[in-house]
Amino acid sequence: MKPSVSRIPRILAAALGAFTAGALIAPGAAPAGPDRPDPSGKDAPKPPPRPPERDMSKTGKDPAKAPPGLGPPSKAVTNEILDAIAEEMTRAMTQLEIPGALKPYHIAYKITEVDVNDCAASLGFTTSRRNRHFVNLEARVRVGSPQLDNGNFVVPGAEELNAVSTINMPLEATPRIARRSAWLVTDAAYKEGLIQLRAKLESRKTSGAKPDIPGWTTEKPVVSDEAVLVPPLESLDELEGRAKTLSAAFRDQPAIRESRVAVTSYLERRWYLTTEGTNIADTRRASGILIVASGQAEDGQLLHQYFLRYGHTAKDLPSEDELKGETKRLVGNIAALQKAPVMDHYSGPVLFEGEGAVGLIRSTLAPHLGGTPVPEGLNPQEAKTFGGALTDKVGLRVMSPNLSIGDDPTAKEGAGKALIGGYRIDDEGVAAQRVEVVKDGVLKTLLTSRTPSAKNQASNGHARRTAEGGAFHGSATNLFVTSKGGVARKALEQRLAGVAQGEGLKFGVVIRRFDDAAVTSAPEFARRELYALIKSTDQQLPPPTILAYKIYPSGKEELVRGVQLAEVPIRAWKDVLGTSKEITVYNFLASPESALQLRLTGGTDEGFVPSSGIESGIITPDLLFKELDLGGSAAGERPAPLLPKPGK
């Protein structure tokens, strides 16, 4: 989130001052504040028409009462608040102008209300408990024209200038406060947009680039007056009781160095208003539980294990007995890892089972499914984080012919389990759409936003990921990987061992879980350790694995630690030898921060369940790859405590 508009960066003030001489800025050119009359003497413009209120007398419903099992609509963002923001949007479109400079051609507002209950506990005692409830108003302004505007460009030395401005509003806001908030953020975003566009034009002039691809697509407005009601949040007392009970199971476990259990319940309401006529609301609701434990091997390597689950409500989460079983499993895994050998270099078949298959898709495939162009002005290293390995392969075979991939933000369930990645509209106000990405191994299309990468390209409702330069990028939501010819998991393990034996190897490797820096990081690094972490981290590699085994032809499994998968090229997906009948459904929040950033900052705030990021789900079978490289890593070594663990 950007800082409040009251703290405009120095670079913005300096740039505006420089542009004054170029007739892009004139004192008093912006419209007066919403509480003052228009100095031009013109009548205030009429607000755009809002969708008509539903006639509740025809439905037989009392508007003050929610249906059974659902919570009430927002009390913080009312129709009066939305009307006030819409009025200011219309005023800005007709009056916001700097003499000699371009006027806005598109303004969009996103009003977000977030309500979160969080609790964390360790060893049976509460460590953190809080509610967060706030309303945020975001303005995005585009100047120029759809053919060439300020969007998707990183201003050199001023990456924060992206024509996006935000401000928090009171939970008890009035229409007057809403108008003033909209006035402030629109003014700030417009001025940034002018600077961004000028820098973009200068950059293209210097480089000689003359792209003929439009900067912004025209989409049909989406209008609906229907509120999305969701079940009420679980109370803090409920969350605290669950966290304390489960965390007590880690007491008196000699293998455990640290442990915690966190539980969350949150909702996010969003309203979209645009000058194109989009006027719609959406609500996202989720509950989650996180169990984390760590230990230490004899050579000092830190060992992490976690269990993370999300659902629409607590009813979608595992039962208490299932969670207790997972807690015991984490303890057992850490105790076994303490004695496990570090993996040697290996090149051969690798099987990804369960959450291992999810982690592989999440880190090595999903980033390449977006079809939004990389922001102009990024250096090559930063550009790699946007994937792009598939942008020129539409119509070609990119995977095994047994694999197909679809992304469906309209789905609420997958394989009978709740999915949290769904939505009505994406972050650019475009209606959600199911997209067939890969069919029988052939790439059909990519996930797109309103920033096109080719002529005549339209958004398919997948603008979710924010990026430097202010544009939203197409990204996965509920990603379904399906296959033909799946076999039982045990049969796939036998095939793994057989393929390895055929290659002259003594064993194959199965990966069952990758690390997740958002949940296993801890802010306890010394400066020396932070420096070593930055120097040694290769951000192009998948996350380290935290649960991997050698599988021998006899069926014997041997746990190994320190397994680091090498970079997985897109072409490796052509050599998927087999899949399982078993399907894994996994929900997560895709963090906008890199794994390294999460490591340096200690992961989530106060050890809570992640509740910020892009709600996502992956539904996939196990995946057997013909040949991948991996090696052993002793990263994360720390001196063991000098004294033994304290007694009771």
Side-chain angles (χ1 to χ4, degrees), residues 1-20 22-36 38-40 42 44-45 47-48 84-111 136-146 148-155 158-167 178-202 215-216 272-276 428-429 450-451 469-472:
M1 183 178 295
K2 295 183 66 178
S4 168
V5 294
S6 63
R7 293 178 288 174
I8 297 177
R10 294 180 183 176
I11 185 67
L12 176 57
L16 289 175
F19 292 165
T20 303
L24 286 181
I25 291 291
D35 301 326
R36 295 186 294 172
D38 182 1
S40 68
K42 298 178 181 178
I85 294 172
E87 290 171 10
E88 192 58 30
M89 176 175 67
T90 302
R91 190 171 79 105
M93 280 297 289
T94 57
Q95 299 181 31
L96 184 58
E97 181 180 9
I98 294 172
L102 295 168
K103 294 179 64 174
Y105 80 86
H106 185 274
I107 299 175
Y109 295 106
K110 179 171 66 177
I111 305 99
N136 180 267
L137 172 62
E138 174 189 276
R140 291 176 175 264
V141 175
R142 306 187 80 91
V143 293
S145 70
L148 175 59
D149 65 14
N150 56 293
N152 209 34
F153 178 78
V154 179
V155 179
E159 293 81 2
E160 69 274 19
L161 300 184
N162 56 15
V164 182
S165 186
T166 65
I167 191 170
R179 281 192 295 270
R180 192 168 186 84
S181 297
W183 169 62
L184 288 171
V185 292
T186 309
D187 184 77
Y190 172 56
K191 292 171 181 175
E192 288 191 11
L194 289 176
I195 298 168
Q196 189 182 25
L197 178 58
R198 179 163 179 171
K200 185 176 185 178
L201 293 173
E202 290 177 347
W216 183 247
Y272 296 84
L273 300 172
T274 75
T275 50
E276 292 173 312
E428 291 177 333
R450 294 187 66 174
T451 302
F472 282 105

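Q196 and F153 get closest at one heavy-atom pair: NE2-O, 2.8 Å. Closest heavy-atom contact between A86 and L273: N-CD1, 4.2 Å. Of all heavy-atom pairs between M89 and I107, the closest is SD-O, 4.1 Å. Here the closest heavy-atom approach between residue N162 and residue E192 is recorded as N-OE1, 3.1 Å. Closest heavy-atom contact between V141 and P104: CG1-CB, 3.8 Å. In plain terms, the two heavy atoms of I167 and V185 that are nearest each other are CG2-CG1, 3.4 Å.
With sequence neighbours left out, the side-chain contact (heavy atoms from CB on, under 4.5 Å) criterion links A84 to P175, A178, R179. Not counting sequence neighbours, the partners of T186 by the side chain to side chain donor-acceptor pair (under 3.5 Å) test are Y109. In this structure, the salt bridge (Lys or Arg N to Asp or Glu O under 4.0 Å) partners of E276, at least two apart in sequence or on a different chain, are R450. Checked against salt bridge (Lys or Arg N to Asp or Glu O under 4.0 Å), E428 has no partners two or more places apart in sequence or in another chain.
In this structure, the side chain of S165 does not engage the main chain of A139 through any donor-acceptor pair within 3.5 Å.
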side-chain contact (heavy atoms from CB on, under 4.5 Å) between K110 and T166, worked out: CA-CA 9 Å; K110 179 171 66 177; T166 65; over 6 Å; no
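Counting heavy atoms from C-beta on, the side chains of R142 and N150 come closer than 4.5 Å. Counting heavy atoms from C-beta on, the side chains of L201 and L148 come closer than 4.5 Å.
To the nearest 0.5 Å, atoms CH2 (W183) and CG (L96) are separated by 11.5 Å. Put simply, CD1 on I98 and NZ on K103 are 12.0 Å apart, with the number rounded to the nearest 0.5 Å.
Under a 4.0 Å N-O distance rule, the pair E87/R91 does not qualify as a salt bridge.
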